[in-house]
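All values below were derived from every heavy atom in this structure, side-chain atoms included, with hydrogens, water molecules and symmetry-related copies excluded.
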Amino acid sequence: MKRGIDRLLSEGKGKQLLWLLVISVGIMAVVLFVSSFFIKDLKWQQVVSVFLDPGCFNSTPEGAEWLLLPLALFSLVILSGLMVSTFTNVVENISDSVHAGERRYRFNNHVLIIGAGKQLAPMLAALAEDKRNIVVMSESRPTEDGNYTYYCGRRDSLEDLKSALPAKASVIYIIGEDQEPDHDAKSLRAVDLLKELTENAENEIQCYMTLQERVSSEVYEYLHQPVVGKLLLVDVINVYEYMAERLMVDSDFLPAIKQGDGRRSHVVIYGTGQVAHNVANTVAHISHYPSYPEAGVKTCITLVGCGMKRYMDNIIASRPALFDLSVYRYIDACGKVQEHRPAKDFLDVEWEFVDTYDSSSLSRDMLRRICASPDEILTVVVAEEDPARATETALHFPREVYDCNIAVYMDESAEVLELSRRTEMFGNISVFGSASGAISDPLFRTRSVRGQRVNFIYDQMYVKSRSIEEAWYSLSEVNKYSSIYCAMSMPMRKRCYDMDGDRMPVYEAEHRRWMMSMLIMGTRPGETRDKARFIHNDIVPFDELTPEEQEKDKILIDAMPDILA
């Protein structure tokens, strides 16, 4: 009993105040009951006055002292002692509970962010002016400042997710935690739980889920079914691909090679991890120039790193159809070249895999040779995932490389790279990733909306859904990605092609982009179209398409202003 009383007084969050109030009212009721029989002149107001202020005992009616003196002494103990200390404990306990994320509130129309990874900071910055309540649920309290409510909870726990009232949310972001070995598995589990918890929601709820592993994204690229619940509308984003897109879309980082310019874009990527792979894919989605049909010049994507043979084999194994049709070269540490050339060569991107470290003579001589060539435009991306390694690589290139565009992936502080700009020795090195500060489209809205517009143009030609959202969320993931990649490449079209003249070169470039996206997502060419087996008969040069298929590319390009609006 003693232990129970101690816990009630020290650990409660309001219950003990109620108990003290009940005891106090009970004592006064007893006093009033006794006085009604023995002290007729004692009024209830005098009893309350003595309890609230024992100093009023001096004005006690004669004959009532024996009854009110114990009440005054009891009041001194309750109000001056227990009540004050208990109230202080309640305030402290509630404060500790809020800080620990244990308190829950009945929010409605709130923004629910599940996880506290590095994406959280730019998201909170983008939501700074938002009038909705923001809830961040994470296993540990975030370090980021902001106007949000913290809930302690796991995203793979039904009870924890339920306590955040997801069915009442206006939008849900599943970003997870940093450095989780099972990040994607937990996020997939969270989506399944949220589908269950939002079945009876009053409105449809937008949900964005980020993935980290390239293989997880590959599975979604094969998925022919939409990823939705009854009322949960899900969009899936690979976080590294998203960071690469922020670097290259709506920017001048990649070169704009205009019609009549016969130079080629040569993008050199340092790294052999998830970031490097996604950067390479993003370059392949975007870089489709007029120099290919005019002069047969292809974009070259070169990946550099130790252990490149195994890395190359893994990439080729993941997308065999792409590399069956691609020119690609493996260059070993001694400079020996092994080249693959397809029987029918009609893709406008070629690949190199160089098995060496960044400061080797092989690597440095390659960069010097590209810089010296009047026929090439060098762009360098350092996609090393170790920050110290990435910084060292970026600052040790040959001097002439710093006249080119260079970007470095940084997940943590980029202070050394920021300081390097002041030396004026290293050019204007860009930083992408979580350490880049302000990120365009941190809430994924522009990316999603542009993809929806691309799809809706097709939809209104063939399906005629009632709304852009209905058309989008009935799509398979592979078709969603295809629409997003189409929209991503359009800013580059505006930079490179004459949109006021003959648009046939732009239509042809869109077909080259479509083929590259289909091959990256696992579709292969064939005589007939078989969706279930990932075979498409339109993976052929543009002039071999039927007029009806060529018309599809024209429709999208002509609608470009509306898509990018």
Side-chain angles (χ1 to χ4, degrees), residues 244 247-248 252-259 261-272 275-305 308-309 311-313 315-316 319 322-332 335-342 344-356 358 360 362-383 393 397-398 400-401 403-407 489 492 495-496 509 512-513 515-517 519-520:
L247 172 68
M248 299 177 192
D252 59 358
F253 179 73
L254 292 176
I257 301 174
K258 299 181 182 296
Q259 291 172 256
D261 187 342
R263 294 177 297 171
R264 79 165 176 175
S265 170
H266 196 149
V267 181
V268 179
I269 303 167
Y270 285 86
T272 55
V275 180
H277 192 171
N278 283 285
V279 167
N281 281 358
T282 303
V283 174
H285 285 306
I286 295 175
S287 300
H288 303 281
Y289 296 106
S291 53
Y292 177 70
E294 291 175 348
V297 176
K298 300 186 177 192
T299 296
C300 184
I301 301 173
T302 298
L303 291 114
V304 182
M308 183 56 71
K309 182 64 168 66
Y311 186 66
M312 178 189 75
D313 289 345
I315 291 177
I316 293 173
R319 291 295 179 261
L322 170 63
F323 288 95
D324 283 347
L325 292 177
S326 296
V327 174
Y328 65 89
R329 290 175 288 276
Y330 170 69
I331 304 172
D332 67 17
K336 184 179 178 180
V337 179
Q338 299 175 23
E339 185 175 71
H340 170 269
R341 285 194 171 272
K344 192 173 183 181
D345 185 4
F346 55 87
L347 299 183
D348 62 342
V349 175
E350 62 183 23
W351 307 76
E352 287 182 344
F353 300 89
V354 185
D355 202 339
T356 190
D358 55 279
S360 70
L362 178 61
S363 169
R364 296 174 69 82
D365 289 346
M366 176 190 69
L367 294 175
R368 291 191 182 100
R369 185 174 63 253
I370 300 170
C371 287
S373 172
D375 299 322
E376 296 190 272
I377 303 174
L378 174 65
T379 306
V380 179
V381 180
V382 180
T393 298
F397 289 131
E400 52 267 44
V401 173
D403 293 330
C404 306
N405 283 347
I406 302 172
S489 66
M492 181 65 81
R495 295 172 63 207
C496 297
R512 284 185 275 132
R513 193 282 315 160
M515 288 193 299
M516 181 59 63
S517 295
L519 290 165
I520 287 176

Set of residues satisfying side chain to side chain donor-acceptor pair (under 3.5 Å) with respect to [X], sequence neighbours excluded:
| X | answer |
| --- | --- |
| D261 | R263 |
| R368 | D365 |
| H288 | D348 |

I need the [X] [atom1] to [Y] [atom2] distance, nearest 0.5 Å.
| X | Y | atom1 | atom2 | answer |
| --- | --- | --- | --- | --- |
| E352 | Y328 | CD | OH | 13.5 Å |
| D375 | I370 | CG | CD1 | 12.5 Å |
| K309 | I331 | NZ | CD1 | 13.5 Å |
| Q338 | Y330 | CD | OH | 7.0 Å |
| I286 | R513 | CD1 | CZ | 11.0 Å |
| R329 | T302 | CZ | OG1 | 7.5 Å |

**Prompt:** Does the S373 side chain pair with the main chain of R369, one donor and one acceptor, at a distance under 3.5 Å?
**Reply:**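 A pair under 3.5 Å: no.
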**Message:** Would the distance check show the side chain of D355 and the main-chain N or O of M308 forming a donor-acceptor pair, the cut-off being under 3.5 Å?
**Reply:**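 Answer holds: yes.
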Minimal non-hydrogen separation, [X] against [Y], with atom names:
| X | Y | value |
| --- | --- | --- |
| S287 | T299 | O-OG1, 3.2 Å |
| G262 | V297 | O-CG2, 3.3 Å |
| F346 | L325 | CZ-CD1, 4.1 Å |
| G305 | T272 | CA-CG2, 3.9 Å |
| Y311 | L303 | CE2-CD2, 4.0 Å |
| G271 | A276 | O-CB, 3.5 Å |

Min side-chain heavy-atom separation [X]-[Y] under 4.5 Å:
| X | Y | answer |
| --- | --- | --- |
| M248 | V279 | yes |
| V304 | D358 | no |
| M366 | V268 | yes |
| R495 | D252 | yes |
| V267 | C300 | no |
| M312 | W351 | no |
| L322 | M516 | yes |
| I257 | S265 | yes |

**Prompt:** With sequence neighbours left out, what residues match R264 under salt bridge (charged side-chain N to carboxylate O under 4.0 Å, His left out)?
**Reply:**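 Counting only residues at least two positions away or on another chain, R264 forms a salt bridge (charged side-chain N to carboxylate O under 4.0 Å, His left out) with E350, E376.
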**Request:** For F397, enumerate each residue passing the ring pair (Phe, Tyr, Trp, His ring centres under 6.0 Å) test, keeping only those at least two apart in sequence or located in another chain.
**Result:**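 F397 satisfies ring pair (Phe, Tyr, Trp, His ring centres under 6.0 Å) with Y270 only.
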**Item:** Set of ring pair (Phe, Tyr, Trp, His ring centres under 6.0 Å) partners for Y292, sequence neighbours left out
**Value:**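 With sequence neighbours excluded, Y292 shows a ring pair (Phe, Tyr, Trp, His ring centres under 6.0 Å) to no residue whatsoever.
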**Prompt:** Just one of E294, M492, K258 clears the side-chain contact (heavy atoms from CB on, under 4.5 Å) bar with Y289, so which one?
**Reply:**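 Only one option passes, and that is M492.
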**Request:** Take L519 and L347 through the test side-chain contact (heavy atoms from CB on, under 4.5 Å) and record every step on the way to the result.
**Result:** CA-CA 10 Å; L519 290 165; L347 299 183; 3.7 Å; yes
**Asked** Passes side-chain contact (heavy atoms from CB on, under 4.5 Å), S326 versus K298? Steps please.
**Response** CA-CA 11 Å; S326 296; K298 300 186 177 192; over 6 Å; no
**Message:** Please verify the inter-ring angle class for F353 with F323; under 30° counts as parallel, over 60° as perpendicular, anything in between as tilted.
**Reply:**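 The arrangement is tilted - the two ring planes meet at 30° to 60°.
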**Message:** For I269 and I301: C-alpha separation, side-chain torsions, deciding distance, then whether side-chain contact (heavy atoms from CB on, under 4.5 Å) applies.
**Reply:** CA-CA 7 Å; I269 303 167; I301 301 173; 3.8 Å; yes
